[in-house]
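Just so you know, these numbers use all the heavy atoms, side chains as well, and skip hydrogens, waters and symmetry mates. Keep in mind the model is a prediction, meaning the values are calculated, not measured.
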Amino acid sequence: MYLGVQLYAFEKEYVLSEPDYVFRHLAEIGYQAIEMPFLMDVHTYTKKYNLQYSALHTGPDALNDLPEIISHLQSNDCQNLCISGPLAWHDRSLSNFQKTCAFLNEKAELLKSEGIKIHYHNHDFEFKCAEDEISPFEILLEQLDPSLIQFCVDTGWLHMIGLDPVTFLKQYRHRISYAHLRDFLNGKSVALGQGSVDVASIVNELNDNSSLEWLVVEHEPEDAALEKLSVSRSYLKTELSL
């Protein structure tokens, strides 16, 4: 299991203007991989600082241009896509999630032949019942083809919606291929170990999932992103031997 960092913690313009500084410091802090929230040629920096490119994180609409996505991933030695949310982002209806599942299954079949895997990334809203007491997550669970698409579980959002992340990770272990670690305190994103999320129990459970390859730290964007990510990395190393 590799430990990565989601560059969503930084403003896009900052990463584009100071890429060498950002990637060098993330490697020095001790992260082994980066997850990108936008298209950027990172091969020069991942090679220079011995980092892996764990996944491109994007919305499903980006898959309308598969040649661009495939070219980007293959030229940057990346084999994973984390897909966030449904088509028509603000439409949280069950019918939109059903449409999204069909769309993602179709695209995942095409990407599979290129050696690229899709992982669906949850938020809190997938667990809110929209119609007939059925949640969008139930639609995703039922209609996403598990042979093509697994889940990128954001454990922080599970906590925020009132679910027990450890129970969830046990129950759906066979569908989980990728995970995000987050911590929150009074609804605000904080460094790991500084909030109310039981990060230690989550990591212990994830360690038992043999199919999980990527464990990625995610923070909300802020000016002191490197300092906060350093605190999270130190916590994982000193408290959890990760």
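- L56 and F38 fall within the same hydrophobic cluster, defined by Ile, Leu, Val, Met, Phe, Trp and Tyr side-chain heavy atoms under 4.5 Å apart, directly or through other members.
- Using a distance-only test at 3.5 Å, with no hydrogens or angles considered, a donor-acceptor pair links the side chain of N96 to the main chain of D91.
- Rounding to the nearest 0.5 angstrom, the gap separating the CD1 atom in I118 from the CG atom in L144 is 9.0 Å.
- Residues T100 and Q143 have side chains not in contact (no heavy-atom distance under 4.5 Å, counting atoms from C-beta outward).
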Please walk me through it: do S135 and E138 pass side chain to side chain donor-acceptor pair (under 3.5 Å)? CA-CA 5 Å; S135 69; E138 292 175 81; 3.3 Å; yes
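- For R173 against N209, the heavy-atom pair with the smallest separation is O-ND2, 3.5 Å.
- Using a 4.5 Å cut-off on side-chain heavy atoms (C-beta onward), K117 and L111 make no contact.
- To the nearest 0.5 Å, atom CG of residue L158 and atom CE of residue M160 are 11.5 Å apart.
- Side-chain atoms of K228 and S189, non-hydrogen and from C-beta on, do get closer than 4.5 Å to each other.
- Within the 4.5 Å cutoff, the side chain of Y235 has heavy atoms near those of the V199 side chain.
- S230 and H25 share no side-chain donor-acceptor pair at under 3.5 Å.
- Residues F127 and P136 form no side-chain contact, since every pair of their non-hydrogen atoms from C-beta on lies 4.5 Å or further apart.
- Between F97 and F103, the ring centre distance reaches or exceeds 6.0 Å.
- Note that the CG atom of N50 and the CD atom of Q52 stand 8.0 Å from one another [nearest 0.5 Å].
- C152 contributes atom SG, which lies 11.5 Å from atom CG of L81 (distance to the nearest 0.5 angstrom).
- A donor-acceptor pair under 3.5 Å links the side-chain atoms of Q32 to the main chain of L3, judged by distance alone.
- Looking at E114, its side chain never comes within 3.5 Å of a backbone N or O of I116 through a donor-acceptor pair.
- For D223, the CG atom is loosely surrounded, since the number of other residues' heavy atoms within 6.0 Å does not exceed 12.
- Relative ring orientation between Y53 and H72 is described as perpendicular, the plane-to-plane angle rising above 60° on a 0-90° scale split at 30° and 60°.
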Does the pair L226 and Y21 meet the rule for a side-chain contact (heavy atoms from CB on, under 4.5 Å), with working shown? CA-CA 10 Å; L226 274 173; Y21 180 86; 3.5 Å; yes
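- Here CG of L51 is found 12.5 Å from CZ of R24. Values are rounded to the nearest 0.5 Å.
- Looking at Q150, its side chain does come within 3.5 Å of a backbone N or O of P146 through a donor-acceptor pair.
- Put simply, L7 and I29 are part of the same group of oily side chains (I, L, V, M, F, W, Y) that touch within less than 4.5 Å, one to the next.
- Side chain of N105 to backbone of D145: a donor-acceptor contact under 3.5 angstrom is found.
- Minimum heavy-atom separation, A200 to L240: CB-CD2, 3.5 Å.
- Nearest heavy atoms, E126 versus L140: CG-CD1, 3.8 Å.
- S17 contributes a side-chain N or O that, together with a main-chain N or O of E13, makes up a donor-acceptor pair within less than 3.5 Å.
- Heavy atoms of other residues, nucleotides or ligands lying less than 6.0 angstrom from CD of Q194 number more than 12.
- In this structure, N76 contributes its side chain and H43 its backbone to a donor-acceptor pair below 3.5 Å.
- Considering every non-hydrogen atom in both V15 and M40, the closest pair reads CG1-SD, 3.9 Å.
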Verdict with supporting geometry, R233 and V217, side-chain contact (heavy atoms from CB on, under 4.5 Å): CA-CA 8 Å; R233 183 67 188 96; V217 175; over 6 Å; no
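- The cluster map of Ile, Leu, Val, Met, Phe, Trp and Tyr, joined by side-chain heavy atoms under 4.5 Å apart, puts I202 and W214 in different clusters.
- Counting all heavy atoms, side chain and backbone alike, L192 lies closest to S232 at N-OG, 2.9 Å.
- Under a hydrophobic-cluster definition in which Ile, Leu, Val, Met, Phe, Trp and Tyr are linked whenever side-chain heavy atoms come within less than 4.5 Å, directly or via other members, L229 and L236 are assigned to the same cluster.
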Could you walk me through whether K188 and E220 pass the salt bridge (Lys or Arg N to Asp or Glu O under 4.0 Å) check? CA-CA 9 Å; K188 181 181 179 181; E220 291 296 312; over 6 Å; no
Does the salt bridge (Lys or Arg N to Asp or Glu O under 4.0 Å) test come out yes or no for D20 and K48, once each step is laid out? CA-CA 9 Å; D20 193 82; K48 183 177 181 180; 2.9 Å; yes
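- Cation-pi geometry between R92 and F125 is met: under 6.0 angstrom from the ring centre, within 45 degrees of the axis.
- Two rings, from Y178 and Y120, have their centers 6.0 Å or more apart.
- Taking 4.5 Å as the limit, every side-chain heavy atom of E35 sits out of range of all side-chain heavy atoms of N80.
- Under the 30°/60° scheme for interplanar angles, the aromatic rings of F137 and F151 are found to be tilted.
- Ring centroids of F23 and Y49 are separated by 6.0 Å or more, keeping the two rings apart.
- The aromatic rings of H121 and H57 sit perpendicular, their planes meeting at an angle over 60°, well past the 30° parallel limit.
- Side-chain atoms of H180 and E218 form a donor-acceptor pair, as typed in the model, at a separation below 3.5 Å.
- Minimum interatomic distance between L87 and P60 (heavy atoms only, all atoms of both residues): N-CG, 3.6 Å.
- Considering only heavy atoms from C-beta on, L110 stays 4.5 Å or farther from L63 through its side chain.
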Residue pair S211, H174: steps toward the side chain to side chain donor-acceptor pair (under 3.5 Å) verdict: CA-CA 8 Å; S211 64; H174 62 295; over 6 Å; no
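- Around the CD atom of E11, the shell of radius 6.0 Å holds no more than 12 heavy atoms that belong to other residues, nucleotides or ligands.
- In this structure, the side chains of V216 and Y2 stay at 4.5 Å or more apart for every pair of heavy atoms.
- With N64 contributing its side chain and D61 its backbone, the two residues share a donor-acceptor pair below 3.5 Å.
- A donor-acceptor contact shorter than 3.5 Å links the side chain of D183 to the backbone of G193.
- Side-chain heavy atoms closer than 4.5 Å link hydrophobic residues (I, L, V, M, F, W, Y) into clusters, and following such links, possibly through other members, connects I176 to I83.
- Rounding to the nearest 0.5 angstrom, the gap separating the CG atom in D41 from the OG1 atom in T44 is 5.5 Å.
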Side chain to side chain donor-acceptor pair (under 3.5 Å) assessment of S196 paired with H159: CA-CA 9 Å; S196 56; H159 172 84; 3.0 Å; yes
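- Applying side chain to side chain contact (heavy atoms under 4.5 Å, CB included) to T155 and the options D198, L163, N122, L181 leaves one that passes, L181.
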